[in-house]
Amino acid sequence: MDIQLTEEQELLRSSIQRFLRDQYDFDERRKIVATDEGWSRKHWSAFAELGLCAAPFQESSGGLGGGSLATMIVMREFGRHLVIEPYFETVVLAGGLIEDAGSPEQREAFLPNIMDGSAIWAVAWAEGRSRYDFNNVTTTARRQGDNFVLSGAKAAVIGAPWADKLIVSARTSGGPRDRDGVSLFVVDRHSANLHLQSFKTVDGRRAAELTLMDVHVPASQLLGAEGEGVVALEACRDRAIAALCAEAVGAMSVLNSATLEYSKARKQFGVALGTFQVLQHRMVDMFIALEESISLTQHLSLSLAAREPNGSKLASGAKSKVGYAARFVAEQAVQLHGGMGMSDELNVGHYFKRISSINIQFGDPAYHLMRYAQQS
Amino acid sequence: MDIQLTEEQELLRSSIQRFLRDQYDFDERRKIVATDEGWSRKHWSAFAELGLCAAPFQESSGGLGGGSLATMIVMREFGRHLVIEPYFETVVLAGGLIEDAGSPEQREAFLPNIMDGSAIWAVAWAEGRSRYDFNNVTTTARRQGDNFVLSGAKAAVIGAPWADKLIVSARTSGGPRDRDGVSLFVVDRHSANLHLQSFKTVDGRRAAELTLMDVHVPASQLLGAEGEGVVALEACRDRAIAALCAEAVGAMSVLNSATLEYSKARKQFGVALGTFQVLQHRMVDMFIALEESISLTQHLSLSLAAREPNGSKLASGAKSKVGYAARFVAEQAVQLHGGMGMSDELNVGHYFKRISSINIQFGDPAYHLMRYAQQS
Amino acid sequence: MELNLSSEEAAFRDEVRAFIAENYPAEMRVPNPETDLSKEQMLLWHRILHQKGWIAPLWPKEHGGPGWSITQRFIFEQETSRAGTLPPLAFSVTMVGPVIYTFGNDAQKQKFLPRILSGEDWWCQGYSEPGSGSDLASVRTKAVRDGDHYIVNGHKTWTTLAQHADWIFCLVRTDPSAKPQAGISFLLIDMKSPGVTVRPIITIDGSHEVNDVFLEDVRVPVENLIGEENKGWTYAKFLLGNERTSMAGIGRSTRYLERLKHIVRTEIGEDDPTFGEFIKEIARVELDVLALEATELRIVAQMSRGIDPGPAASLFKIRGTEIFQRITDLTHQAIGNYGLAIREHPVSANRFMPGPDYGHTATEKYLNSRKLSIYGGSNEIQRNIIAKAVLGL
Amino acid sequence: MELNLSSEEAAFRDEVRAFIAENYPAEMRVPNPETDLSKEQMLLWHRILHQKGWIAPLWPKEHGGPGWSITQRFIFEQETSRAGTLPPLAFSVTMVGPVIYTFGNDAQKQKFLPRILSGEDWWCQGYSEPGSGSDLASVRTKAVRDGDHYIVNGHKTWTTLAQHADWIFCLVRTDPSAKPQAGISFLLIDMKSPGVTVRPIITIDGSHEVNDVFLEDVRVPVENLIGEENKGWTYAKFLLGNERTSMAGIGRSTRYLERLKHIVRTEIGEDDPTFGEFIKEIARVELDVLALEATELRIVAQMSRGIDPGPAASLFKIRGTEIFQRITDLTHQAIGNYGLAIREHPVSANRFMPGPDYGHTATEKYLNSRKLSIYGGSNEIQRNIIAKAVLGL
């Protein structure tokens, strides 16, 4: 870290670092991923005990008040260890949405269980043809007495198989691509007529395709104003991007160290790989890519913390620039590890796959570059 | 060359090579550029005597029947020597337009003087805001008895200060961006009410801004069908692109050899520059860029010779790919020559500037990449 | 492209095209033939080609080749790859076969060549070792003479499809005191020999294509030595030089590019701000393919005039792999959120895979193609080769 | 950006901004200040800053510096470069000045420092020689002691603005038998000395910024030797390290980027198929600038906490020059056909230049900026430095 952390932030960071170093090395992580459930409730509880689940929330919500900087600190360390548990989905996405858009009753109802680690959440905004646009929603929610009735399909919902609760976007009015008319609903994962088809993601997570066939949701579970879900999701995305960038930075830093170390140790044609100038310069460019990503990620987190007006544009910019940088680092880390980089046994390929997934979540670098450009 | 040349083509090529080697080295070229006129009538006459000015024209037009392959052969050697004389403007552009779009009378009136080297031509299609589109024409030509009266301004007409005759595009009907309604006119360079403001181009040529204030042109000087100038110019551009690609290939080949030679001779930190792996790989990429450019340029010339239906799409593709390749080679040639590459005294910078101009003439690589993409 | 075919050549092309259309087994048309077929399925096409006499285009007629011209071979290569047929076993036909008929003795030729052609023997390659990378001369596997046998001990790795192999051709060190390249021999080893163990290596795309091969006190009859003892490096280099053709992968890239275009047209609206970026990047790759194809045709034209193509193979390897990696990258991007999913192997388990069919292999292909710039001599090594051989650096 | 200014710092920023607005000479606002100003015009701003006491932000107060904090220096740097003011003479103020006050004797300090601050002396740098490239220790210019003088013979090159210089600081070889870096001394030479000849080098953009400087039997008093004989390499390295700040060139890149945006908006219609490509590439560069600026702020924050920034200068040099080159490249592309034209020097001749004013310097800037990745230690050398210093390779 290069910005001066407060004492509290330093404490948070060192406690995560210590825990992950002791309890979450690559072998442990591999074991967790290989379990039937695919994640570890034990480690999740430990995260909650360390206060990570409460860290970013405002004190008025019962949180520790760490905000976007706390998220950055946590996610960067999680990125370094490829933490598989659904912190991003539960705390950053769902928790953020509830705190930001929920009513006082909803905040009170849902946030304590998120902060104490007892509830897992997932957010279902994407659809089969939505790509990265929140307004591309064909799932419908029609009012029926005290309920909304949801019908449609949601796609690629990361963490859904693990979740207790889902936040689902559905259209309460307007046409299939209208910005207005999308609403958010808190839906019980085990609701009647809600079907999940689970699958594994490339980075070792679990996700699901959701089918909703007349799922009844009490009107009280409408999150935020009716028809204004896109606005809430956009604010959610800014926070999500800051978190994903921090995670990418953590992953990149491991890849850079591993590659450097490997290039010093590994001999070819009688000399260390690291003596070849072409590889040296490649690693310099990886170093520069990381430095710039650290800077931009910090800049974004600080801007979100200060509620700067251009935060959303900046988020797209960071998602693009950090995304390209991370892809470059990941691809070169594999290349410089040679055959070993292709092996599932080594950690390098797993960082590669996580970065590749980060670059898809909430929009790829090209998508956000154009979004940034159009706001310039 | 890698395609098998006919005996005639080989003869053409070796005669150009011999002449340029003996009479057109870099010092000689520098002297020519520094003269008041900026080009050499003596060398031009020699080109005509060698048959270069007649080489591409059909035998039925009185030419040598060499077609697009003859043009490729000539332009590649001209590219190697940075020939400054207006062969491209006179023979490839104007000659090609006259042969392609002119009436039998016009062909008979104009081509002999082009082929024997006695007339210099230039083509004025661009305007201040036209960018690279032939349809962006605001200059007007209105019929008045047996004449057309031309008014407007044409921009960046290369070779105009040297020319005896100009081919000028002007609008005979339609709105300022319509595809139909643009016509071509043969205009005497010394016509009344035609004003030139001359300037030097970055690659040592002369060009001019043209102002036409009621220039009277006999109706017989309308070249091709009225209103169909854009079609004729597009066909002209395909030939122009093949010629420019060949010229770029010639220039690239000199830059590659010069850079390789320099890197072997020049010592730094006690060893030859060429021993540094980073520079070796750079030169490998320069080599690959050249090989691919040779291939694509040949492919284009052969396709145009065979009148393949996708010739125009291919022309855009080649302009783009060869353009990017040439820019890469030129930039790296300067970089690898270090300070010397920046000096006006060395030939390297002049090849750089010619390539940079080639990349502007008739549309830059990005323009043609998008044109190619939109036809895919 | 500009390779003008004579009428005989055009007829040959039509014959090849028709033969493929009529004979390529339907059951080999699976989402990802490289990983989804059983050993028996993989051999179906091999056997059909063998029956037709087309299994070994590069081989001299006396050893079972079809006796084609360079242009015919090129046409065959182009047609089969454009049609997306699974290539015949490369390690058998392209690699060890030519070594055996060039450097082997008569007994070896009679024993091995027919079984290679028929597909009865499946060969794998024992070159790479842990830590050797692109430095293949750093062989540490040892073969010690013991009467009529060599006793072989060592560890080969990245051995493609060793799980199916009947034989492995190995570089082994027979003279530990000589300079690295001087003490190497070329041995043929029966995979059923006691002491040979195959251990799968799962790659990052989840597939099982490569393996570790452990050799523990494996007894190999001396009659399985190719050529002379300690001359193995010569044969190894010959073999590597034999990979010349088809490294550009034009046919494969063209097929994948067509699929990418289809996906982009289906998935991304023209009003999507990234649509222009996609079509531009596709155009760029298409031009790369076109330029490489035109280069390949130039080289073929030169070769048929008897001109040595030099290190053209390195150029094709570099650009061909860069192009294919880019195509798989763009395809992965084109499928959007479904790029998060990956098929689980073995696919016979038939687990659920979300999203449209055309995207089901996008993620694994993107991951798998990372290997292309590493294996077979990394692209960095290929650039070293060109720097030395062409530029004289 | 995130550097939160205290109220004092904010007040300082406002003061600097106001001072520039009120005092920067109008006649220095020419199309290309680096090439279009006479010597006297170039010095106007220098003298104004000197009067204000702001000419040498990096210098200690005792020698005439303003006594600013690191943050104040950064603010000053940022404000002046954003406003597009011509920087004060770098070779005088940033380079030789600190060498003199650090390693010079009292007489040298008293003689030279005030004249540097006032602009009375214009200094140029005698480091590069023909064939030295980035290998500055390969000095061949010889200085032989002759009583109270050195007799200097040699040839310096790429000497920026030597045509205006009163003094040149030179690396000279005083011990030819020592190892390259050991036999070098640091000499100050009066440009008016007999035997000094300046010959212009015209660069590919047509401008006269650099020169050859020939030294033939030039007699230099020994009192002009800095520090000890044969220790010159130490001082030279110190000087190179002093270029640390401002190499990222954020202010300049930001200004040029704004102009590029204006040109693109004016020249290229939104329906032009390349419009999307332009705005995308501009966005990319803008993000590069933003990331580099954020990195610069991190480094400033570290430095003000006393942390050594290490080889940050190399990172800034690499990325800063890559960014600026890209901006000049895009600007050149944006003006379309008029990119074929270039101004003729000297501009005082006032020759015709076609196209809109904003495009008049685009071609020369594109060409001129090619030097940035070569001069001041090529970008390849900078990567070597990072590989060694940061990565330990």
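Each chain gets a letter, A, B and so on, in the order its sequence line appears, and its residues count up from 1.
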- [ ] Using a heavy-atom cutoff of under 4.5 Å, enumerate the residues of residues 250-281 of chain B that contact chain C, numbered in order, or state 'none'.
- [x] B/Leu260, B/Ser263, B/Lys264, B/Gly274, B/Gln277, B/Gln280, B/His281

Task: Portion of B/Met370 that has a non-hydrogen atom of chain C nearer than 4.5 angstrom - done: side chain

Open item on the list: Between C/Leu287, C/Ile307, C/Ile282, C/Asn384, who has the most heavy-atom pairs with chain B when the cutoff is under 4.5 Å?
Closed with: C/Leu287

Task: Pairwise distance CG(B/Leu296) to CD(C/Glu293) - rounded to 0.5 angstrom - done: 11.0 Å

Open item on the list: With a 4.5 angstrom heavy-atom cut-off, is it the side chain or the backbone of C/Glu380 that approaches chain B, or both, or neither?
Closed with: both

TODO: Check whether C/Lys388 gets within reach of chain B through its side chain, its backbone, both or neither, counting any heavy atom under 4.5 Å.
DONE: neither

Open item on the list: Which heavy atom of B/Ser295 sits nearest to which heavy atom of C/Ala291, and what is that distance?
Closed with: CB-O, 3.8 Å

Open item on the list: If we count only N and O atoms by modelled type, under 3.5 Å, do the side chains of B/Ser376 and C/Glu286 hold a donor and an acceptor together?
Closed with: yes

- [ ] Please report the C-alpha distance between C/Leu290 and B/Leu314 in whole Å, then the side-chain angles of each, then the deciding distance to 0.1 Å, and finally whether the side chain to side chain contact (heavy atoms under 4.5 Å, CB included) criterion is met.
- [x] CA-CA 10 Å; C/Leu290 198 60; B/Leu314 189 59; 3.4 Å; yes

TODO: Compare every heavy atom of C/Thr295 with every heavy atom of B/Glu291, then report the nearest pair and how far apart it is.
DONE: O-OG1, 4.0 Å

Task: Closest approach of C/Leu292 to B/Glu292 (non-hydrogen atoms, all atoms of both residues) - done: CD1-OE2, 4.1 Å

Open item on the list: Between C/Ile299 and chain B, with a heavy-atom cut-off of 4.5 Å, which part of the residue counts as in contact: side chain, backbone, both or neither?
Closed with: neither

- [ ] Compare all side-chain heavy atoms of C/Leu297 with those of B/His299 and state whether any distance is below 4.5 angstrom.
- [x] no

Open item on the list: What verdict does the side chain to side chain contact (heavy atoms under 4.5 Å, CB included) test give for C/Arg298 and B/Ile294, after you've listed the backbone C-alpha separation in whole Å, the side-chain angles of each residue and the deciding distance to 0.1 Å?
Closed with: CA-CA 10 Å; C/Arg298 270 172 61 209; B/Ile294 292 172; 3.7 Å; yes

Open item on the list: Heavy-atom count check: over 12 atoms from other residues, nucleotides or ligands less than 6.0 Å from C/Glu15 CD?
Closed with: yes

Open item on the list: Quick check on C/Arg319 against chain B: is it the side chain, the backbone, both or neither that has a heavy atom closer than 4.5 Å?
Closed with: side chain

Open item on the list: Less than 4.5 Å to any heavy atom of chain B: does that hold for the side chain of C/Leu391, its backbone, both, or neither?
Closed with: both

TODO: Decide whether a cation-pi geometry holds between C/Arg284 and B/Tyr324; the criteria are a distance under 6.0 Å from NZ or CZ to the six-membered ring centre and an angle within 45° of the ring axis.
DONE: yes

